[in-house]
Undergrad: 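Pasting a structure below so you can have a look.
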Amino acid sequence: MTAKPYRTRRKQTRHGEQKEYPFYPNFIFRVLMVILGALAVITMLSALFPLPLDHIADPLAQPAPGTRALWILKPAILLSSILPGRSSLTVVFIAILAVLFVFLPLLDRSGHSSIKRRTLVAVPFLLWMLFLALSLMVSTGVPG
Amino acid sequence: MKARNRRANGGLLEGLMERIGIRGLVSGPLERKVSARGAMEAALKKPIPRVSWWSCFGGIALFLFLIQTATGILLMFYYIPSDPEAHRTILYITGRAPFGWFFRTIHHWAGIGMVITVSVHVLRVFVKGAYQKPRDLNWLVGSTLFFLTAGFILTGDLLPWTQSAYWSAVWWTDLVGSFPVIGHQFQLFLRGGENVTGSTITRFYVFHVFGLPVLTTLFMVIHFTLVGKLGLSEPK
C-alpha cells in the first residue's frame with residue numbers, strides 16, 4: 001500500500017475534478033497539518049501568556065467588585081440579566097435549549113442539506129450561536 | 001521473500017505494518033477469521049469524499065483531548081484536591097515544579113481550544129445538514145460530547161481554589177439549584193453539602209479526572225465508530 005495521493009479516482013464532478021480520495025494519505029496528512037498548526041498556536045499562547053493565579057478563595061469574604069466570571073458562564077449570566085424574575089426561569093430556559101439542541105434531528109426531518117431550505121431551524125440556531133459568540137466578548141463579573 | 005520485496009517497494013506505513021502485524025501471535029481459526037492488517041488496510045484505503053479544511057476540526061478536538069489527558073496526568077502528580085492544599089499545590093506547580101507553569105498553561109489553553117474546535121465542528125455539521133438521517137444518532141452522541149467538554153471547563157475551573165473560581169462555582173451551582181423539583185438535590189450532589197467548600201473541590205476533581213474522561217472516551221469511541229460506519233458527510 002504505497003502512498004499515492006490523488007490516484008484512486010472513482011468519482012468525478014462535471015468539471016473533471018476528483019470527488020473522492022483515499023483516507024490515507026490525503027485526509028490523514030491534512031489532519032496532521034492542522035494538528036501541527038493547533039499545537040503551534042497553543043504552545044505559542046502558553047509561552048506568551050502564562051496563566052496568572054488569583055488569590056486563595058475565602059468563602060467568608062464578599063466577592064470583590066472586579067471578580068471576573070468564568071468565561072463559559074458569560075452567556076448564562078447575560079441571559080439571567082435579560083430574563084426577568086427568578087433564576088429558575090434562566091435554568092429552565094437553558095435546559096430547554098440544551099434538549100432542543102440534542103434532539104435537533106427530530107425537529108428537522110426535512111431531508112434538505114442546503115441551509116437555505118432549512119430556515120425554520122437555521123435562523124434560530126444561528127441567532128443563538130451569534131448570541132453565544134457576542135456574549136463571550138462582553139466583560140462579565142460574577143453577579144453578587 | 002514476498003514480504004521483503006513488498007517492504008522494499010512499499011511506503012513507510014506498509015513497512016511499519018509489516019513489522020507490527022499480529023500474524024503469528026494469533027493462531028488457529030482466529031487468524032483466518034480476523035485479519036487486523038487487512039482491516040487496517042481497508043480502512044486506510046477507503047475512499048472518502050473530497051472534504052474541506054473545516055472537516056478537520058473533529059480531529060483537532062480529539063488531539064486537544066489527548067493533550068489535556070497528558071498534561072492533566074502531569075498536573076495530578078502534584079495537585080491535592082482539598083482546601084487549602086489545592087491552592088498551595090497550584091502555587092507549587094506554577095512556581096517550583098519543573099515546567100509546571102508551562103504544562104498548566106498548556107492545559108488551560110488546550111481546554112479553551114477544545115471548546116472552540118468542538119463548537120466550530122458542531123456549526124459545520126449544522127450548516128452542512130449532516131445531523132439528519134442516517135447521521136441523527138451521531139449528532140446525539142456528538143452534542144453530548146459538546147456538553148461534556150463544557151463540563152470539563154466548569155469542574156476544572158474550581159480546582160485552583162481561587163477567589164474568582166469560587167464565586168463562579170457558587171453562582172452556577174446556585175443556578176442549577178434553582179431548577180424546579182430536582183435542582184436542590186442535584187446541587188447538594190455537586191457541592192457535597194449546602195455550600196461550596198473543600199468537599200466540593202474533591203467532588204469536582206473526581207468528576208474532572210474520572211467521571212467526565214470516562215464518559216467522553218466512551219462517547220468518542222461511539223462517535224468515531226459511527227463516522228467509520230456511515231462515512232464523512234459529502235460536501236454539497
Undergrad: For the candidates B:F57, B:F102, B:F179, which exhibits the highest count of non-hydrogen atom pairs separated by less than 4.5 Å from chain A?
TA: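 Top option by heavy-atom pairs under 4.5 Å: B:F179.
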Undergrad: Find the distance between OG (B:S168) and CD1 (A:I77) and round it off to the nearest 0.5 Å.
TA: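 Output value for this atom pair is 6.5 Å.
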Undergrad: Please give me the minimum heavy-atom distance between B:W101 and A:S46, naming the atom from each residue.
TA: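 Closest approach of B:W101 to A:S46: CZ3-O, 3.6 Å.
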Undergrad: To the nearest 0.5 Å, tell me how far B:T162 OG1 sits from A:D58 CG.
TA: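 Atom-to-atom, B:T162:OG1 and A:D58:CG are 12.5 Å apart.
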Undergrad: For the atom pair NE2 (B:H87) and NE2 (A:H55), what is the distance rounded to the nearest 0.5 Å?
TA: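 Here the rounded value is 8.5 Å.
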Undergrad: Any side-chain heavy atom of A:L53 within less than 4.5 Å of one from B:P160?
TA: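 Yes, their side chains come closer than 4.5 Å.
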Undergrad: Heavy-atom distance under 4.5 Å between the side chains of A:V31 and B:F63, does that happen here?
TA: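 The answer is no, as the side chains (C-beta and beyond) never meet within the 4.5 Å cut-off.
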Undergrad: If I take atom CZ from residue A:R30 and atom OG from residue B:S55, how far apart are they, to the nearest 0.5 angstrom?
TA: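 Reported to 0.5 Å precision, the distance equals 8.0 Å.
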Undergrad: Just so I know, are the side chains of B:P84 and A:I56 near enough to count as touching, which here means a heavy-atom distance under 4.5 Å?
TA: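 When only atoms from C-beta onward are counted, A:I56 and B:P84 do touch, with a gap below 4.5 Å.
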Undergrad: Donor-acceptor pair, distance only, cut-off 3.5 Å: does the side chain of B:Q163 make one with the backbone of A:P63?
TA: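 The answer is no, because no donor-acceptor pair under 3.5 Å joins these two groups.
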Undergrad: Against chain B, label A:I94 side chain, backbone, both or neither, depending on which of its atoms sit under 4.5 Å from a heavy atom there.
TA: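 A:I94 touches chain B through side-chain heavy atoms alone.
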Undergrad: For A:L126, is it the side chain, the backbone, both or neither that has a heavy atom under 4.5 Å from a heavy atom of chain B?
TA: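 Only the side chain of A:L126 comes within 4.5 Å of chain B.
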Undergrad: Surrounding CE of A:M129 (heavy atoms of other residues, nucleotides or ligands, distance under 6.0 Å), is the total greater than 12?
TA: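 For A:M129, atom CE is crowded (more than 12 foreign heavy atoms under 6.0 Å).
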Undergrad: If you take all heavy atoms of B:A110 and A:I42, which pair is closest and at what distance?
TA: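 Closest pair (atom of B:A110, atom of A:I42, distance): CA-CD1, 3.9 Å.
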Undergrad: Please check if atom CG in A:L32 has more than 12 non-hydrogen atoms from other residues, nucleotides or ligands closer than 6.0 Å.
TA: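 Yes - once you tally the heavy atoms of other residues, nucleotides and ligands closer than 6.0 Å, there are more than 12.
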Undergrad: Step through the shown structure and confirm whether more than 12 heavy atoms of other residues, nucleotides or ligands are within 6.0 Å of CZ on A:F131.
TA: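 Atom CZ in A:F131 is crowded, with more than 12 foreign heavy atoms closer than 6.0 Å.
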Undergrad: For each of A:V91, A:I115, A:L132, A:V92, tally heavy-atom pairs with chain B at distances under 4.5 Å, and name the one with the top tally.
TA: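 Among A:V91, A:I115, A:L132, A:V92, the one with the most close pairs to chain B is A:V91.
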Undergrad: Considering only heavy atoms, which portion of B:L137 lies under 4.5 Å from any heavy atom of chain A: side chain, backbone, both, or neither?
TA: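 Neither part, no heavy atoms under 4.5 Å.
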Undergrad: By a 4.5 Å heavy-atom criterion (distance strictly below it), what part of B:F103 contacts chain A: side chain, backbone, both, or neither?
TA: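 Answer is neither: B:F103 stays 4.5 Å or more from chain A.
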Undergrad: Contact part of A:A76 toward chain B, heavy-atom cut-off under 4.5 Å: side chain, backbone, both or neither?
TA: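 Both parts, heavy atoms under 4.5 Å.
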Undergrad: Does any heavy atom of chain A fall under 4.5 Å from the side chain of B:F146, the backbone, both, or neither of them?
TA: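 Contact with chain A involves the side chain of B:F146 alone.
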Undergrad: Can you tell me which portion of A:V121 sits under 4.5 Å from chain B's heavy atoms? Options are side chain, backbone, both or neither.
TA: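 Interface part for A:V121: both.
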Undergrad: Rounded to the nearest 0.5 Å, what's the gap from CG on B:D136 to CZ on A:F103? Could you check?
TA: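 With rounding to 0.5 Å, CG (B:D136) is 11.5 Å from CZ (A:F103).
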Undergrad: Can you tell me which portion of B:V115 sits under 4.5 Å from chain A's heavy atoms? Options are side chain, backbone, both or neither.
TA: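 Answer is side chain: those atoms of B:V115 sit under 4.5 Å from chain A.
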Undergrad: Which one, B:V176, B:D174, B:L175, leads in non-hydrogen pairs under 4.5 Å with chain A?
TA: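 Ranked by contacts with chain A, first place is B:L175.
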Undergrad: Out of A:A38, A:P59, A:P50, A:A69, which one racks up the most heavy-atom pairs below 4.5 Å with chain B?
TA: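 Answer, by heavy-atom pair count under 4.5 Å with chain B: A:P59.
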Undergrad: Give, as side chain, backbone, both or neither, the part of B:W171 having an atom under 4.5 angstrom from any heavy atom of chain A.
TA: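 Side chain of B:W171 only, per the 4.5 Å heavy-atom cut-off to chain A.
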Undergrad: With a 4.5 Å limit on heavy-atom distance, are the side chains of A:F49 and B:H108 in contact?
TA: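 No. Closest side-chain heavy atoms not under 4.5 Å.
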Undergrad: Do A:L73 and B:L154 come within less than 4.5 Å of each other through their side chains, counting heavy atoms only?
TA: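 Counting from C-beta outward, A:L73 and B:L154 do come under 4.5 Å.
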Undergrad: Of the backbone (N, CA, C, O) and the side chain (C-beta and beyond), which part of A:A61 lies under 4.5 Å from a heavy atom of chain B, both, or neither?
TA: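 Backbone plus side chain of A:A61, per the 4.5 Å heavy-atom cut-off to chain B.
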Undergrad: Which pair of heavy atoms, one from B:W139 and one from A:P105, lies closest together, and at what distance?
TA: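 It is CD1-CD, 3.3 Å.
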Undergrad: Heavy atoms only: give me the nearest A:R68-B:S164 pair and the separation to one decimal.
TA: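 Closest approach of A:R68 to B:S164, heavy atoms only: O-CB, 3.6 Å.
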Undergrad: In the structure I gave you, are the side-chain heavy atoms of A:L51 and B:T94 within less than 4.5 Å of one another anywhere?
TA: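 The answer is no, as the side chains (C-beta and beyond) never meet within the 4.5 Å cut-off.
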Undergrad: May I have the step-by-step check of side chain to side chain contact (heavy atoms under 4.5 Å, CB included) for A:D54 and B:Y166, ending in yes or no?
TA: CA-CA 11 Å; A:D54 197 6; B:Y166 172 80; over 6 Å; no
Undergrad: From A:I72 CD1 over to B:I153 CD1, what is the distance, rounded to the nearest 0.5 angstrom?
TA: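 So the gap between those two atoms works out to 5.0 Å.
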Undergrad: Taking all non-hydrogen atoms of both residues into account, name the closest pair between A:A122 and B:F126 and its distance.
TA: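 Nearest heavy atoms, A:A122 then B:F126: CA-CZ, 3.5 Å.
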Undergrad: Please state whether the side chain, the backbone, both or neither of B:I112 comes within less than 4.5 Å of a heavy atom of chain A.
TA: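 Both backbone and side chain of B:I112 come within 4.5 Å of chain A.
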Undergrad: Is chain B contacted by the side chain of A:T67, its backbone, both, or neither, given a heavy-atom distance below 4.5 Å?
TA: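 A:T67 touches chain B through side-chain heavy atoms alone.
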Undergrad: Measure across B:Q132 and A:D108 and return the closest heavy-atom pair with its distance rounded to 0.1 Å.
TA: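 Where B:Q132 meets A:D108 most closely, the heavy atoms are NE2-OD2, 3.6 Å.
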